[in-house]
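For ligands, and for the atoms within them, numbers begin at 1 and follow the listed sequence.
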Amino acid sequence: MQRIHLSTWPTPMEPAPRLAVAIGLRPDDLWIKRDDLTGLGAGGNKVRKLEWTVGAALAEGADVLVTTGAPQSNHARLTAAAAARAGLRSVLVFPGPPPTESRGNLLLDTLLGTEIRWADTAELGDCDMATALATIARQTAEDLRVNGHRPAVIPFGGSSGVGAQGYRVAADEIKTQTSDVDHVVCAVGSGGTMAGLVAGLGPERVRGIDTGAISDPHARVAQILTEMDSPADPASLDIDQDQIGRGYPTLTSPAAQALTLAARIEGLILDPTYTGRALAGLIAQVARGAVQPGDRTVFLASGGLPGLFGHPESHTLS
Ligand SMILES: *Cc1c(COP(=O)(O)O)cnc(C)c1O
């Protein structure tokens with residue numbers, strides 16, 4: 001598999017002693033893996049996966065990248081940025097109708113010069129959104145092919161056996177930067193981040209906090225592990241589903257509290273959809289003793305800042 005370079009590695013690993021104490025850990029217990037600082041296109045975890053999926057697309061001779069997601073998708077924004085960096089066109093397929101104002105990620109998508117197609121997902125019946133969007137992305141690629149282009153479809157969230165290699169690499173960085181890691185805590189969206197971390201660290205050390213982005217994250221992470229030829233046992237996957245609240249697009253009150261705490265106590269800005277939920281999940285796990293003082297814990301800051309400016313409920317933060 002061919003990897004291209006889209007950022008500067010490794011990303012920093014920073015201690016967070018004040019946040020550690022505030023959530024009930026010892027000062028040395030908590031470390032932040034700064035994957036929000038992956039330089040391309042305002043950064044975030046999707047850059048690691050795109051190094052592999054865009055590498056594969058270039059190896060196939062693609063001239064246009066097609067992908068999908070929610071309108072505030074960080075993955076879609078970073079696919080547009082990776083396309084720009086690689087000198088390719090990009091087409092993003094979002095569920096319509098378009099919002100009246102382009103904020104957050106949508107504003108950056110426009111700036112990055114991508115083409116946005118608003119799909120009518122109602123026409124596809126009652127399969128889940130990720131499946132519906134994947135179908136529309138394939139159709140879009142087919143249209144492009146018929147018109148003489150060479151499209152490559154980048155999977156939803158960049159999550160496939162190929163894309164998740166990026167997080168196997170991240171797991172190696174984590175092992176080099178922090179000795180004796182007990183827990184790595186990450187948000188789970190499309191599943192590739194957790195799958196790659198599990199492939200590199202084993203299922204016992206990775207704690208996924210589900211955001212509700214897909215209907216069966218356990219099955220999806222297991223599937224990606226299979227695609228990676230990982231021997232990790234899917235029965236041992238630890239996916240916490242207590243932070244979904246009223247659903248993926250909403251800002252839950254524990255996530256809002258976690259965002260506020262990280263900002264005020266460490267100057268660390270998290271995002272409302274993923275890392276806010278992930279920190280809320282860690283806080284709850286410490287409170288119930290699943291993560292204990294003395295456990296060396298790495299929290300994956302996976303990016304998503306543009307989503308804070310595009311989230312419909314951000315104004316409720318106070
Ligand atoms: C997509 C995303 C995640 C989740 O990663 P997956 O590999 O899709 O599970 C976490 N944090 C941010 C900021 C993201 O954009």
Side-chain angles (χ1 to χ4, degrees), residues 11 32-38 40-53 67-81 104-105 108-109 129-130 133 154-171 184-199 206-225 227-228 237 239-241 243-244 248-249 255 258-259 262 268-282 299-311:
T11 55
I32 313 289
K33 178 64 170 164
R34 296 295 307 267
D35 271 12
D36 53 327
L37 302 181
T38 55
L40 178 77
N45 66 331
K46 303 307 181 311
V47 174
R48 289 192 187 269
K49 298 190 269 185
L50 285 160
E51 288 198 332
W52 296 83
T53 53
T67 201
T68 60
Q72 283 299 327
S73 167
N74 298 305
H75 162 70
R77 179 240 315 161
L78 286 166
T79 301
N105 278 297
L108 298 181
D109 295 341
M129 184 64 80
L133 289 171
I154 307 292
F156 181 76
S159 290
S160 61
V162 174
Q165 295 298 335
Y167 268 89
R168 201 201 287 255
V169 173
V184 176
V185 178
C186 69
V188 179
S190 59
T193 299
M194 179 170 186
L197 290 171
V198 167
V206 182
R207 294 177 173 267
I209 314 292
D210 188 20
T211 59
I214 57 173
S215 55
D216 191 347
H218 193 283
R220 186 67 197 127
V221 173
Q223 165 71 29
I224 299 166
L225 283 165
E227 290 173 25
M228 297 178 84
L237 291 173
I239 302 181
D240 177 345
Q241 299 200 285
Q243 299 298 330
I244 299 171
Y248 173 79
L259 271 172
L268 177 69
I269 309 293
L270 301 179
D271 82 289
T273 307
Y274 297 97
T275 50
R277 278 191 171 93
L279 181 58
L282 174 59
F299 178 81
L300 183 73
S302 43
L305 178 60
L308 183 59
F309 301 110
H311 198 287

Regarding [X] and [Y], do their side chains bring together a donor and an acceptor under 3.5 Å, going by distance alone?
| X | Y | result |
| --- | --- | --- |
| His75 | Ser190 | no |
| Asp35 | Ser302 | no |
| Ser215 | Arg220 | no |

Under 4.0 Å to a heavy atom of [X] - the qualifying atoms of ligand 1, by number:
| X | result |
| --- | --- |
| Val188 | 9 (O) |
| Thr193 | 5 (O), 6 (P), 7 (O) |
| Gly304 | 13 (C) |

Check: Would Lys46 count as a cation-pi partner of Phe156, with NZ or CZ less than 6.0 Å from the six-membered ring centre and within 45° of the ring normal?
Finding: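 Negative - Lys46 is either too far from the ring of Phe156 or too far off its axis.
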Give a yes/no verdict on whether any heavy atom in [X] is under 4.0 Å from an atom of ligand 1.
| X | answer |
| --- | --- |
| Gly303 | yes |
| Thr275 | no |
| His75 | no |

Next item on the list: Flag the pair Val169 / Trp52 as yes when at least one side-chain heavy-atom distance between them is below 4.5 Å, and no otherwise.
Entry: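 Contact flag for Val169/Trp52 side chains = yes.
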Closest non-hydrogen protein atom to [atom], residue and atom name please, with distance?
| atom | answer |
| --- | --- |
| atom 5 (O) of ligand 1 | Asn45 ND2, 3.0 Å |
| atom 2 (C) of ligand 1 | Lys46 NZ, 2.3 Å |
| atom 10 (C) of ligand 1 | Ser302 OG, 3.2 Å |
| atom 8 (O) of ligand 1 | Ser190 OG, 2.5 Å |

Which distance, rounded to the nearest 0.5 Å, do you find between the [atom1] of [X] and the [atom2] of [Y]?
| X | Y | atom1 | atom2 | value |
| --- | --- | --- | --- | --- |
| Arg277 | Gln243 | CZ | CD | 8.0 Å |
| Gln72 | Phe309 | CD | CZ | 11.5 Å |
| Leu270 | Thr275 | CG | OG1 | 4.0 Å |

Checklist line | Region of Ser159 engaging ligand 1 - heavy atom pairs below 4.0 Å | finding: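 Contact part for Ser159 vs ligand 1: side chain (C-beta onward).
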Next item on the list: Answer side chain, backbone, both or neither: which part of Asn74 comes under 4.0 Å from ligand 1, heavy atoms only.
Entry: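 Within the 4.0 Å criterion, Asn74 contacts ligand 1 through side-chain atoms alone.
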Notebook entry, point to check: Hey, looking at atom 7 (O) of ligand 1, which of Arg48, Met194, Lys49, Gln72 has the closest heavy atom?
Noted result: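 It is Lys49 that holds the nearest heavy atom.
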Side chain or backbone, does [X] bring an N or O within less than 3.5 Å of an N or O on ligand 1?
| X | result |
| --- | --- |
| Asp271 | no |
| Gly191 | yes |
| Tyr274 | no |

Check: Where do Thr79 and Leu50 land on the side-chain contact (heavy atoms from CB on, under 4.5 Å) test, with the steps shown first?
Finding: CA-CA 7 Å; Thr79 301; Leu50 285 160; 3.6 Å; yes
